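What follows is a short report on a single structure.
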Amino acid sequence: MNINELTLTAQAMTTAGKGLLAMDESNPTCNKRFAAHGIAQTEAMRRAYRDLIVGAPGLNRSIAAAILSDETIRQQTLAGLPFAQALADEGIVAGIKVDAGAQDLAGHPGEKVTEGLDGLRQRLADYRQLGARFAKWRAVIAIGAGLPGVACIDANAHALARYAALCQEAGLVPIVEPEVLMDGDHTLGMCERVTEQVLHVVFGQLQAQGVLLEGMVLKPNMVLPGLAAAQQDGIDAIADATLRCLLRTVPAAVPAIAFLSGGQSPEMASARLNAMHAPRRLPLPWALTFSFARAIQEPALALWRGEAGNVAAAQRALVHRADCNGAARRGQYSAAMESGA
Ligand code: 5MM
């Protein structure tokens, strides 16, 4: 393990004032998003869309790193550059989603375990050759009647830790993403309890597998009430619950925490991240930033609709959302940034 390289990469990915852009949707997920906007679900259109993103002028002002999918890291931009190279040329660190998706957990209805460890050592070596400097693996944890169970949390935490150790062996910084889903009518308090339990188990497994905390990034959910919860708590309650949960569970040696957006509206994701940087909540032991997919991409995708004539407008919308989140990371976001966007 090259400790120096891992530490420097983790710091570069989460450098001050910037965050990560998740553009690693698998083909089925990307196609689903395209279908919602009437966009053709083809490899050429996925390439054109990722070209729009990577070529957006000013993207590197607020984006330090971008997560690619297997298809994209093997493609070239429309100008003929490998996507990882095009990102590197803009000073954006390229990474790769390496999990093989969440499958039903045997014997545990309603629960999933993320697969993809078989052959991972070789795939990581290949991705490094293709220009990746970090990787990402997402586990999903559902809240429901009797859920999550211990078996689901343990299985996912164990897989995350084994993935992370393999990444560091290969010289790639692992993004460890245990996502507690927003689906359901659970309370903010329930999400806090489950997220705390999950993170305790995840960090126990990371320690057991010998993962270097200084050379990883945590990508958790914010602590939120369920989408169908009767009480939708305010921004300050969410910021307090999220920070209380993270302060209880995430060691200070971890350099950065980069939230997923998980289905929040773009504006709410920015506002909640911003609230966590209010002066009265500082200082925090780790950098606290974003690794959003939908909360950065959705407005741009809706504008693009697969039309070449809409590319410039979509790029402006994308960079606007990135800049809003860059500002939120500094505690400088306000609703006024949205007017005239
Ligand atoms: C939770 O999903 C990740 C963050 O995205 P949001 O900010 O939209 O919540 C995201 O990186 C996700 O893991 C990728 O889109 C890949 O998803 P699939 O399910 O296609 O592997």
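Start at 1 and go down the list; that is how both ligands and their atoms are numbered. The shown structure was predicted, so the numbers you read here are calculated from the model rather than taken from an experiment.
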- Query: Does a side chain donor of either T195 or N221 reach within less than 3.5 Å of an acceptor in the other side chain?
  - Reply: yes
- Query: Does any donor atom in the side chain of Q75 or R50 lie under 3.5 Å from an acceptor atom in the other side chain?
  - Reply: no
Side-chain ([X]) to main-chain ([Y]) donor-acceptor, under 3.5 angstrom:
X	Y	answer
R329	T289	no
Y163	P174	no
Q232	G226	yes
D233	I238	no

Atoms in ligand 1 flagged as close to [X], the criterion being non-hydrogen separation under 4.0 Å:
X	value
F292	7 (O)
K219	3 (C), 4 (C), 11 (O)
E177	1 (C), 2 (O), 3 (C)
R294	6 (P), 7 (O), 8 (O), 9 (O)
E179	1 (C)
A22	11 (O)
E25	15 (O), 16 (C), 20 (O)

Any N or O of [X] that comes nearer than 3.5 Å to an N or O of ligand 1?
X	result
A293	yes
R33	no
S291	no
D99	no
G262	yes

- Message: Could you identify the single nearest non-hydrogen protein atom to atom 16 (C) of ligand 1 and state the distance to 0.1 Å?
- Response: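 The closest heavy atom on the protein side is K97 NZ, 3.2 Å.
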- Item | Protein heavy-atom partner closest to atom 14 (C) of ligand 1 - residue, atom, separation in Å | D24 OD1, 3.2 Å
- Item | Short N-O contact, E338 and R321, less than 4.0 angstrom |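 Salt bridge between E338 and R321, a charged N being under 4.0 Å from a carboxylate O: yes.
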- Task: If the plane angle is over 60° it's perpendicular, under 30° parallel, otherwise tilted; pick one for Y49 and F34.
- Result: perpendicular
- Checking heavy-atom distances from atom 20 (O) of ligand 1 to each of N31, L20, T29, the winner is T29
- Item | Winner among M23, K32, K136, R138 once heavy atoms are compared against atom 10 (C) of ligand 1 |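 Heavy atom nearest to atom 10 (C) of ligand 1 belongs to K136.
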- Let me know which of D24, I67, I73 forms a side chain to side chain contact (heavy atoms under 4.5 Å, CB included) with I96. I73
- Item | Region of S261 engaging ligand 1 - heavy atom pairs below 4.0 Å |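 Answer for S261: both.
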- Nearest atoms (heavy-atom pairs only) where A295 meets P266: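 Scanning both residues, the minimum pair turns out to be O-CB, 3.4 Å.
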- Task: Inspect the surroundings of CZ in R128 and state if more than 12 heavy atoms from other residues, nucleotides or ligands are less than 6.0 Å away.
- Result: yes
